[in-house]
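What you see is a predicted model; the values in this text were computed from it and never measured. Atom set for the values below is all heavy atoms of this structure, side chains included, hydrogens, waters and symmetry mates excluded.
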Amino acid sequence: STTFRVRKDFVPAVSTKVSEKVLDVASPVFDDVTSGVADADSYWVPDLELQARGYYFDGLDTGDVGNVITPNAQESADAFLARLATLGYEPVAYGKASFTGVGQQARVQAMTKPDDGAAYRTKQNSGFGTWVWVFRRSEQSKQAQEYLIGDWISPFMEATESNTSRRKLEVMSTVTEHSADIGAELSDTITVSGFPADHGQYAGNEEYEFAADRPYATVSVWWSGDPDNPSNDEAYKPSGGEVPTEDDNHRLLATWEIPAMNGTFKIGAGALDAHGAPMYLTAERPGWYVFVWRFEGDDRVSPASSRYDDAWERVRVLPPCESEKPCEPEKPETPPAQATTPNPRPSLPVTGGDVSLASVLAVSALAIGAILSIVVRWRRRYDRFKHWTMRWPIR
């Protein structure tokens with residue numbers, strides 16, 4: 001006789017891989033799920049349908065990458081999820097799939113509720129994310145429960161199950177002066193927000209396929225105009241969002257690197273770049289000068305750039321004044337309107353004497369006489385008052 005071991009139960013499992021490793025803000029989240037069994041001794045009962053559930057976690061940071069948490073022996077799915085919650089990990093989205101055999105595949109989209117709901121989309125602070133998949137014995141049919149002895153759970157923060165959502169940056173900037181003369185020092189002030197607080201410090205993780213932070217953003221300065229005829233500079237006023245191709249009318253004057261992090265940065269006027277070198281820019285010719293800030297992006301932050309035609313980021317440098325011409329044309333003065341009367345008096349006849357001088361002398365004599373008259377009157381009043389006080393002394 002031959003003796004052999006018969007096993008009725010089996011342990012289902014899934015192997016999964018996130019559809020995209022790097023996402024942007026407001027992106028949907030998908031997971032590619034493939035059915036299988038947990039060990040070589042397991043055998044999926046033909047056509048036996050099993051339900052799997054997925055839990056998506058995000059808002060994780062660089063310290064969570066590589067920190068794999070595995071379920072304990074005989075630990076139930078609910079107990080494992082509760083243990084994750086005590087560590088601060090709560091699911092933000094859910095997925096589900098059903099299989100009837102080994103090697104079946106399903107693309108599952110993360111939803112806001114366990115039973116569908118709305119499609120989940122990443123947010124500004126989603127950071128790193130990961131999936132956990134489970135087969136709950138209690139959620140299977142009565143027939144399926146006869147073949148299962150417990151729950152199956154995938155580990156938390158597996159490399160193939162993890163992705164990253166890139167933050168979106170906000171940039172506000174303005175040049176110090178919007179118009180300047182030849183020889184002026186040009187400068188710009190740039191305020192950036194949206195970077196992770198530790199951006200520039202993450203070295204990446206090859207196992208998880210996450211690249212290191214890009215440490216620098218760049219600021220470039222472009223000139224545009226007509227080098228032969230400054231009066232034609234208006235034809236080359238910056239337009240469009242992207243920087244132009246260099247030619248006779250468009251020149252790249254300078255490029256500096258500054259830290260790729262949040263904060264307010266002064267560009268030009270001797271401010272230091274990311275490497276400690278001073279930044280200077282002098283307006284050497286008439287035309288348009290444009291500051292363009294750019295970050296190429298990495299696995300934690302989306303690419304971003306200021307627009308080439310941003311009016312807050314450009315300076316107009318005018319040609320110097322010519323000596324024989326004013327800088328700005330003077331407006332012609334409008335002569336005041338002359339008053340007219342219905343019956344104007346006839347002009348006095350011109351005589352040999354100076355009428356104006358005589359009038360002035362006459363007015364002066366009258367004024368002197370009036371002053372003398374006032375002095376005499378006050379003198380008389382004073383004498384009377386003095387005489388009265390001498391007769392009636394005050395006691």
Would you indicate whether the side-chain heavy atoms of [Y] and [X] approach each other to under 4.5 Å?
X      : Y      : answer
Ser98  : Leu50  : no
Trp133 : Val33  : yes
Val102 : Thr34  : no
His250 : Tyr308 : yes
Phe80  : Asp151 : no
Pro303 : Arg166 : yes

Under a plain distance cut-off of 3.5 Å, with no hydrogens placed, do [Y] and [X] share a side-chain donor-acceptor pair?
X      : Y      : answer
Glu158 : Ser162 : no
Asp24  : Ser302 : yes
Asp58  : Tyr120 : yes
His199 : Asp298 : yes
Thr130 : Glu161 : no
Thr218 : Thr255 : no

Is the gap between the ring centers of [X] and [Y] under 6.0 Å?
X      : Y      : result
His275 : Tyr216 : yes
Tyr208 : Phe128 : no
Tyr89  : Phe156 : yes

Kindly check if the number of other-residue, nucleotide or ligand heavy atoms within 6.0 Å of [atom1] ([X]) is above 12?
X      : atom1 : result
Met111 : CE    : yes
Glu185 : CD    : yes
Glu206 : CD    : no

NZ or CZ of Arg251 within 45° of Trp222 ring axis and under 6.0 Å: no
Taking [X] first and then [Y], would you say they form a salt bridge - that is, a charged N and a carboxylate O separated by under 4.0 Å?
X      : Y      : value
Asp31  : Lys17  : no
Arg307 : Asp309 : yes
Arg136 : Asp78  : yes
Glu146 : Arg137 : no
Arg53  : Glu139 : yes

Indicate the atoms forming the closest heavy-atom contact of [X] with [Y], along with that distance.
X      : Y      : answer
Trp131 : Phe30  : NE1-O, 4.3 Å
Gln51  : Phe135 : O-CD2, 3.3 Å
Ala304 : Trp293 : O-CZ3, 3.7 Å

Steps toward salt bridge (charged side-chain N to carboxylate O under 4.0 Å, His left out) verdict (Asp115, Lys96): CA-CA 8 Å; Asp115 294 308; Lys96 61 182 180 179; 3.7 Å; yes
Carefully, step by step, assess Glu242 and Arg294 under the rule salt bridge (charged side-chain N to carboxylate O under 4.0 Å, His left out). CA-CA 11 Å; Glu242 297 298 324; Arg294 182 181 298 276; 3.8 Å; yes
Where does the angle between the aromatic ring planes of Phe10 and Trp44 fall among parallel (under 30°), tilted (30 to 60°) and perpendicular (over 60°)?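 Geometry flag for Trp44 against Phe10: tilted rings.
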